[in-house]
Q: 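One structure, pasted below without further comment.
Chain identifiers are assigned alphabetically (A, B, ...) following the order of the sequence lines, protein sequences preceding nucleic acid strands; residue numbering begins at 1 within each chain.
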There are 2 protein chains.
Amino acid sequence: MFNTGSDITGSLEDYLETIYRILGRSSVARVRDIAEEMQVTPASVSPAMKRLSEKKLIRYSKRNYIELTEKGLFIARRTMTRHNLLSRFLTEILGISREQAENDACAMEHYLSDSSMERLAAFFEFLAACPELQVLIKTGFGNCLENETEYLFRCSKSICPLMVHDDKDNIGLELLCLIDLEPGSSRKIARINAAQKIRRQLIDSGFIQGARVILIRPGTTDLPFIVRLDGYDQELPAAMAECVLVYPDCEGTGENDNEE
Amino acid sequence: MFNTGSDITGSLEDYLETIYRILGRSSVARVRDIAEEMQVTPASVSPAMKRLSEKKLIRYSKRNYIELTEKGLFIARRTMTRHNLLSRFLTEILGISREQAENDACAMEHYLSDSSMERLAAFFEFLAACPELQVLIKTGFGNCLENETEYLFRCSKSICPLMVHDDKDNIGLELLCLIDLEPGSSRKIARINAAQKIRRQLIDSGFIQGARVILIRPGTTDLPFIVRLDGYDQELPAAMAECVLVYPDCEGTGENDNEE
DNA sequence: TTCGTTTGTTAGATTAGTCTAACAGAAATA
DNA sequence: TATTTCTGTTAGACTAATCTAACAAACGAA
Ligand SMILES: [Mn+2]
Ligand SMILES: [Mn+2]
Ligand SMILES: [Mn+2]
Ligand SMILES: [Mn+2]
């Protein structure tokens with residue numbers, strides 16, 4: 001569907017990656033092993049091996065063992081590396097579960113460009129070399145995982161005073177709530193102060209940090225607010241609208257005004 | 001090829017996303033507009049609209065304007081949001097060019113799971129609320145862009161003393177170079193101290209921060225080093241091997257020993 | 001109203017990737 | 001050696017996505 005960077009499809013990259021993985025731990029790779037590891041039938045692997053052979057990415061004569069060529073080895077390794085980078089980003093930075101991260105990474109890996117890959121690798125080098133960053137991410141962000149009722153940032157004051165959350169009054173110190181805006185005002189979103197379903201719904205609807213919203217019509221408990229986002233007017237029940245925190249002034253929203 | 005989270009393909013998600021984008025700025029969406037925006041022929045759009053219609057994601061009767069249904073709007077918005085999150089991550093955090101970021105994001109968006117999406121959104125909220133993190137990423141990491149000859153981290157001492165780079169002797173203070181290891185020693189990679197082609201080659205080959213390497217055979221200027229990575233022995237010319245910096249002790253590599 | 005231009009659809013081809021079912025070869029076992 | 005089991009291939013079907021070329025409808029002048 002999209003370019004993969006190498007001139008083969010994502011599916012073939014996965015076959016190469018799987019072969020690479022198998023050959024890294026055992027001496028031979030067979031159709032059976034590949035089928036099992038990739039959760040496809042052997043009948044799918046056979047023609048895939050033929051396609052890889054034609055492209056000179058593996059050496060394979062029917063019913064024999066499978067070997068990677070130089071070129072195949074290169075693509076396999078690069079795919080594996082992108083997989084690892086993405087998977088580590090998802091687990092170590094974002095705090096996603098290993099299994100989910102593996103899934104996401106293995107699907108996205110085929111579309112991460114060389115330059116993005118290189119910068120992501122650099123990010124881990126930077127992180128490893130910078131203890132302050134580690135603390136902020138692991139202790140600060142890592143602790144703000146979603147719980148049953150609230151989605152809180154639990155930074156220590158010394159690290160991140162703006163996000164202190166011990167006394168409720170401090171939440172979003174100079175932030176406004178969407179429901180407190182004048183009709184017609186346009187603001188950028190700072191934070192979604194909700195958890196679970198409401199948070200998910202708001203994010204799915206495009207309410208993410210930095211997005212610009214315009215309050216078209218204020219609402220009440222019974223009458224939904226109407227908010228414009230991406231050029232669309234959408235209704236928002238009061239319960240959801242009051243979870244959207246925005247920056248106070250129309251322009252100069254801290255640092256994020258580099259939008260067109 | 002992979003699941004998309006919604007029960008439609010990535011291609012159809014893109015059609016919805018495009019329709020959403022068009023309807024956000026103009027009053028009608030026509031086959032022509034979609035074809036143009038997506039760089040496909042109108043002959044590809046027609047059957048796609050039919051597929052979307054069958055799935056009740058758009059309302060479309062032949063030769064009329066195209067409208068999103070509730071369900072279609074939802075998927076479109078979610079796709080758009082994931083696109084924006086990924087694109088912003090690539091540009092704002094990693095420093096990728098807008099165009100490249102758009103490409104990567106629009107390809108990867110279909111495979112970012114709900115939980116990863118939610119955490120990525122949270123990351124931006126955290127970033128926006130945490131000035132220290134902004135400084136570290138924008139000033140610290142943002143400045144370590146690849147240049148012609150070197151790949152340097154240019155943090156200020158006060159922020160990130162380990163990475164000071166003013167006097168060469170300070171590079172990787174307590175880090176070792178791969179070429180200085182005893183044969184047989186196993187270490188984790190801390191940093192690739194190279195830029196451009198050499199850096200790219202090493203990363204493509206799997207030499208990323210946190211990866212474990214074993215020096216199998218030392219080399220010389222003429223004889224390549226042999227290094228084991230992912231269970232594979234690979235040759236590494238001295239010029240490349242000396243760019244690989246590893247953590248000094250076998251275990252206890254700072255903080256990154258949470259591998260199996 | 002007629003005629004070209006724009007716009008959209010359809011037919012037909014192609015590529016890719018998956019499956020089930022049937023078959024074939026090789027290895028293990030009796 | 002004969003038979004069973006394991007392994008891999010092939011045939012045939014299906015879905016999705018794209019294209020080119022041909023056609024059809026609608027629109028806008030003239
Ligand atoms: Mn993959
Ligand atoms: Mn993978
Ligand atoms: Mn896309
Ligand atoms: Mn997109």
Q: Go through it in stages, so that I can follow the logic: the residues are A:Arg32 and A:Glu37, the test is salt bridge (charged side-chain N to carboxylate O under 4.0 Å, His left out), and I'd like the CA-CA distance, side-chain angles, deciding distance and then a yes or no.
A: CA-CA 9 Å; A:Arg32 190 88 198 310; A:Glu37 182 123 343; over 6 Å; no

Q: Atom CZ of residue position B:Arg217 - does it have more than 12 heavy atoms of other residues, nucleotides or ligands inside 6.0 Å?
A: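 Result for CZ/B:Arg217: enclosed.
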
Q: Go through the structure and list residues passing side-chain hydrogen bond (donor to acceptor under 3.5 Å, both in side chains) with B:Asp33, not counting sequence neighbours.
A: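 Testing B:Asp33 for side-chain hydrogen bond (donor to acceptor under 3.5 Å, both in side chains), a comparison that skips the adjacent residues, returns B:Arg30.
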
Q: Of the residues in residues 36-55 of chain A, which ones touch DNA chain C at a heavy-atom distance under 4.0 Å?
A: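 The answer is A:Val40, A:Thr41, A:Ala43, A:Ser44, A:Arg51.
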
Q: Could you list by number each residue of residues 18-33 of chain B showing a heavy-atom separation from DNA chain C of less than 4.0 Å, or answer none if no residue does?
A: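 The answer is B:Arg30, B:Val31, B:Arg32.
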
Q: State which residues pass side chain to side chain contact (heavy atoms under 4.5 Å, CB included) with B:Gln201; sequence neighbours excluded, sorted by chain then number.
A: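 With sequence neighbours excluded, B:Gln201 shows a side chain to side chain contact (heavy atoms under 4.5 Å, CB included) to B:Lys197, B:Met240, given in chain and number order.
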
Q: What donor-acceptor contacts under 3.5 angstrom involve side-chain atoms of residues 105-115 of chain B, with partners at least two apart or in another chain?
A:
unit_1   : atom_1 : unit_2   : atom_2 : d
B:Glu109 : OE1    : B:His83  : ND1    : 2.9
B:His110 : ND1    : B:Glu13  : OE1    : 2.7
B:His110 : NE2    : B:Asp14  : OD1    : 3.0
B:His110 : NE2    : B:Asp14  : OD2    : 3.3
B:His110 : NE2    : B:Cys106 : O      : 3.0
B:Ser113 : OG     : A:Asp104 : OD1    : 3.4
B:Ser113 : OG     : A:Asp104 : OD2    : 2.6
B:Ser113 : OG     : B:Ser115 : OG     : 3.4
B:Ser113 : OG     : B:Ser116 : N      : 3.4
B:Ser113 : OG     : B:Ser116 : OG     : 3.0

Q: Taking any atom under 4.0 angstrom from a heavy atom of chain A, which nucleotides of DNA chain D are the first and last to qualify, 5' to 3'?
A: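 Contact span on the strand: D:dT7 to D:dT10.
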
Q: Determine whether the side chains of A:Asn64 and A:Ser61 contain a donor N or O and an acceptor N or O closer than 3.5 Å.
A: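 Yes, a side-chain donor-acceptor pair sits under 3.5 Å.
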
Q: Taking salt bridge (charged side-chain N to carboxylate O under 4.0 Å, His left out) as the test, write out the residues that go with B:Arg228, two or more places apart.
A: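 With neighbours one apart ignored, the set is B:Asp233.
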
Q: Would you kindly give the CD1-to-P distance between A:Ile34 and C:dG17, to the nearest whole Å?
A: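 A:Ile34 atom CD1 is separated from C:dG17 atom P by 14 Å.
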
Q: Report which part of the nucleic acid A:Tyr15 touches: base, sugar-phosphate, or nothing (heavy-atom distance under 4.0 Å, all strands).
A: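 Sugar-phosphate only.
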
Q: Donor-acceptor pairs under 3.5 angstrom involving side-chain atoms of residues 48-60 of chain A: please list them, not counting sequence neighbours.
A:
unit_1  : atom_1 : unit_2  : atom_2 : d
A:Arg59 : NE     : A:Glu67 : OE1    : 3.2
A:Arg59 : NH2    : A:Leu68 : O      : 3.3

Q: Suppose we screen for side-chain hydrogen bond (donor to acceptor under 3.5 Å, both in side chains). Which residues come up paired with A:Ser27, at least two apart in sequence or across chains?
A: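 For A:Ser27 there are no side-chain hydrogen bond (donor to acceptor under 3.5 Å, both in side chains) partners, ignoring immediate neighbours.
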
Q: With sequence neighbours excluded, what pairs up with A:Asp230 under the side-chain hydrogen bond (donor to acceptor under 3.5 Å, both in side chains) test?
A: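 So A:Asp230 forms a side-chain hydrogen bond (donor to acceptor under 3.5 Å, both in side chains) with B:Tyr20.
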
Q: Could you name each residue pair satisfying ring-ring contact (aromatic ring centres under 6.0 Å, His included) that touches residues 22-55 of chain B, not counting sequence neighbours?
A: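 ring-ring contact (aromatic ring centres under 6.0 Å, His included) check on residues 22-55 of chain B returns no pairs.
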
Q: Between A:Arg119 and B:Phe141, is NZ or CZ placed under 6.0 angstrom from the six-membered ring centre and within 45° of the ring axis?
A: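 Yes, A:Arg119 lies over the aromatic ring of B:Phe141.
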
Q: Check nucleotides 26-29 of chain C for protein N or O atoms closer than 3.5 Å to its own N or O atoms and list the pairs.
A:
none

Q: Report the distance from atom CG of A:Leu12 to atom C1' of C:dT18, rounded to the nearest whole Å.
A: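 So the two atoms are 13 Å apart, to the nearest Å.
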
Q: Find out whether A:Arg78 and A:Ser6 are in side-chain contact, i.e. whether some heavy atom of one side chain is under 4.5 Å from a heavy atom of the other.
A: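 Counting from C-beta outward, A:Arg78 and A:Ser6 do come under 4.5 Å.
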
Q: When we call it a touch if two heavy atoms are under 4.0 Å apart, what does A:Tyr60 touch: a base, just sugar-phosphate, or nothing?
A: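 Sugar-phosphate only.
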
